[in-house]
Amino acid sequence: MNSNSSTGSPSNVQDLDALVQVLHQQRATMLDDLVQWLKIPSISSDSSKLAEVQAGCQWVTDKLRNAGLDVNVIQTQRHPIVIAHTPPVPGAPVVLVYGHYDVQPVEPLEDWISGPFEPTERDGNLYARGATDDKGQVLTHVQSVCQWLASGQTLPLQIKFIIEGEEEVGSESLEQMLPDLAEQLACDCVVISDSSQYADGQPAITYGLRGIATFELAVSGPNQDLHSGSFGGAVMNPAIALCKMLAGLVDDQGVIQIPGYYDDVQPLSDQQRQQWNDLPNDDASFAAVIGVDELFGETGYSTDERRWARPTFDINGITSGHQGEGVKTIIPAVASAKLSFRLVPNQCPKALSAALRQRLGELAPKGVRWELEDDHGAPGMLADIETPFARAASSAIEAAFDTAPVLIREGGSIPIVARFQQVLDCDCLLLGWGLSDDNTHSPNEKFRIADYYRGIEASARLWHQIAAEHQQG
């Protein structure tokens, strides 16, 4: 452990109960904080939003600094990283909270019921871009620490924060700087809230994430768009070529057709599969929530297994030819697609890149040229669930949500988590307060206000429980 040698004692239960009462009394103020942060359009992928991203960074910097934390803002080639910490507590564990203040783009804008940066309450939810990913979730931990310090009580352990502005574009700056920041960020456990509960009313501890590899594929043919009447039938259409190549990457059973793609995939144990099958899953309800008539995926696996522990391939966008109003009968000169692969632990993004190029070469029709550009990638991760930190999280969540959490994995990716494990040599706790229908990365993103409050309480209880677990040995 990265703790000092002398012994300390956590705050007692009476003090914790008093703090929980303070959290209830401060709900309106804490909700207003979230509203103010969500008004800032900190879209990290949009170069025209540099000032807004900086403003998003400044907001959380001021919040932490005004609460009395020691704050350091590190400039990068793109967006700043905020590092903050409370005073050391001799003999107690050190916990690092990770989150991000950047958000996804908002398109299609016309699908938003209320403005993406005009936080609006409807039906017990707060709607805005970043509400659940990740401003609302990381703010639960910021609020719990700020309220603890404002109450005059001493935190029973040291808490550090690292809140970055590039998670939605791959965390490149933090990835590069992490080894140099390792001493500053030294900790026993990283806590991350950037995921979901298992279901409405069923909180969860997530112990695994899939990795990711993203690419852009461009296919070109003639040196300019051609009249489809005069030239149709005489040249290969790049859009058709692109579709053929993409279709060849996955079969009708959902099995990805790339050489060696499954070689390093660890099979699920019978015990693991049974544990997930025992969860209150309902494919019909899941399909209804996301608005499809029927689910689809790799044959031989349940929906949860496909989402959490099997690798995938998806087309994220296709562009070619005339996109405006009406018809323009052309053979486009160029067609392109944005691709993503979700990888499971042990799969390597770089190995996938080489294998994907080999497969695309096999699939490319004659008469076109193609180019594959690597975007970003990160491996998957698994966390140890038999630790004092996991026990503390289970107790804290059960007390705040009135329900014991279940153990799940998450199909999404938080690229920096595996690097935290590697560089900081620490445990990880992935505690998601969101819901699967929060429209993350989509129009009408939301965060249930009651879960925002419960997340703050669970966070405050977590600091107490981690210290108590450590004291008990």
Side-chain angles (χ1 to χ4, degrees), residues 34-60 76-81 99-120 125-139 163-175 194-196 210 212-218 290-291 312 314-320 323-324 336-342 373-378 410-416 434-447:
L34 178 54
V35 167
Q36 297 309 312
W37 203 14
L38 292 175
K39 288 181 178 180
I40 303 172
S42 48
I43 304 171
S44 56
S45 62
D46 187 343
S47 60
S48 72
K49 299 292 185 184
L50 291 177
E52 288 84 352
V53 176
Q54 179 67 49
C57 172
Q58 189 64 51
W59 189 94
V60 73
T76 75
Q77 293 296 316
R78 296 189 72 175
H79 305 306
I81 298 170
H100 61 95
Y101 61 84
D102 64 322
V103 300
Q104 281 277 318
V106 299
E107 290 79 15
L109 185 59
E110 63 272 14
D111 288 348
W112 286 81
I113 296 173
S114 51
F117 299 107
E118 300 169 5
T120 303
N125 300 305
L126 186 62
Y127 287 83
R129 173 59 86 227
T132 192
D133 182 20
D134 174 49
K135 289 178 179 176
Q137 296 208 59
V138 69
L139 191 56
I163 304 176
E164 64 155 323
E166 297 178 19
E167 194 275 344
E168 299 293 6
V169 290
S171 299
E172 182 177 352
S173 296
L174 180 54
E175 169 85 18
D194 193 9
S195 54
S196 298
R210 289 192 291 195
I212 191 171
T214 61
F215 305 88
E216 184 158 1
L217 172 63
I290 58 178
T312 65
D314 282 293
I315 302 167
N316 309 128
I318 297 179
T319 302
S320 186
Q323 304 294 317
S336 64
K338 296 181 186 292
L339 317 176
S340 67
F341 295 81
R342 297 291 173 168
E373 180 182 347
D374 292 60
D375 184 15
H376 71 276
E410 165 61 45
S413 307
I414 307 175
I416 201 65
L435 295 172
S436 61
D437 67 348
D438 277 343
N439 303 318
T440 303
H441 292 203
S442 298
N444 304 307
E445 180 180 346
K446 67 177 179 65
F447 192 17

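The basis for the numbers below is simple: all heavy atoms, side chains too, and nothing from hydrogens, waters or symmetry mates. We count residues from 1, following the sequence as given.
Going from atom OG1 of Thr120 over to atom CG of Leu126 covers 7.5 Å, rounded to the nearest 0.5 Å. Between the NZ atom in Lys446 and the CG atom in Asp133 there is a gap of 13.5 Å [rounded to 0.5 Å]. Here CD1 of Ile163 is found 8.5 Å from CG of Asp134. Values are rounded to the nearest 0.5 Å. Leu38 CG to Tyr127 OH: the interatomic distance, rounded to the nearest 0.5 Å, is 14.0 Å. The CD1 atom of Ile81 sits 8.5 Å away from the OG atom of Ser171 when rounded to the nearest 0.5 Å. The line from OG of Ser173 to CD of Gln77 is 7.0 Å long, rounded to the nearest 0.5 Å.
Taking the six-membered ring for Trp and thresholds of 30 and 60 degrees, Phe341 and Phe215 have ring planes more than 60 degrees apart, a perpendicular arrangement.
In terms of heavy atoms, Gln54 sits closest to Pro80 at OE1-CG, 3.4 Å. The two residues Glu445 and His441 make their nearest non-hydrogen contact at OE1-N, 4.5 Å. For Asn444 against Asp111, the heavy-atom pair with the smallest separation is ND2-O, 2.9 Å. The shortest heavy-atom contact between Ser195 and Glu410 is CB-OE1, 4.2 Å.
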>> Ile212 vs His376, test: side chain to side chain contact (heavy atoms under 4.5 Å, CB included). Steps then yes/no.
In response: CA-CA 8 Å; Ile212 191 171; His376 71 276; 4.2 Å; yes

>> Apply side chain to side chain contact (heavy atoms under 4.5 Å, CB included) to residues Phe117 and Val106 and explain how you reach the verdict.
In response: CA-CA 9 Å; Phe117 299 107; Val106 299; 3.6 Å; yes

>> Would Glu166 and Thr76 count as a side chain to side chain donor-acceptor pair (under 3.5 Å) here? Give the steps.
In response: CA-CA 10 Å; Glu166 297 178 19; Thr76 75; 3.3 Å; yes

> Which is it for Trp112 and Asn439 under the side chain to side chain contact (heavy atoms under 4.5 Å, CB included) test, yes or no, and what are the steps along the way?
Replying inline: CA-CA 11 Å; Trp112 286 81; Asn439 303 318; over 6 Å; no

>> Pair Ile43, Asp102 - check side chain to side chain contact (heavy atoms under 4.5 Å, CB included), show working.
In response: CA-CA 6 Å; Ile43 304 171; Asp102 64 322; over 6 Å; no

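Of the possible donor and acceptor atoms, none in the side chain of Asp375 sits under 3.5 Å from a partner among the backbone N and O of Glu216. No donor-acceptor distance shorter than 3.5 angstrom exists from the side chain of Asp314 to the backbone of Asn316, with no hydrogens or angles considered. Under a 3.5 Å cut-off, the side chain of Ser340 and the backbone N or O of Thr214 do not form any donor-acceptor pair.
By the neighbour-count criterion of 12 heavy atoms within 6.0 Å, atom CD of Gln323 is densely surrounded, having more than that number from other residues, nucleotides or ligands. More than 12 heavy atoms of other shown residues, nucleotides or ligands fall within 6.0 angstrom of atom CD in Gln36.
Pro119 has its side chain out of reach of Phe447: every pair of non-hydrogen atoms, C-beta onward, lies at least 4.5 Å apart. Contact of the Ile40 side chain with the Gln58 side chain is not registered, since no non-hydrogen atoms from C-beta on lie closer than 4.5 Å. Annotation: side chain of Arg78 is not in contact with side chain of Ser44 (no heavy-atom distance under 4.5 Å).
Of the residues listed (Leu174, Ile416, Asp194, Val103), the one engaging Glu167 in a side chain to side chain contact (heavy atoms under 4.5 Å, CB included) is Asp194, and it is the only one. Of the residues listed (Glu52, Arg129, Lys135, Glu168), the one engaging Ser42 in a side chain to side chain donor-acceptor pair (under 3.5 Å) is Lys135, and it is the only one.
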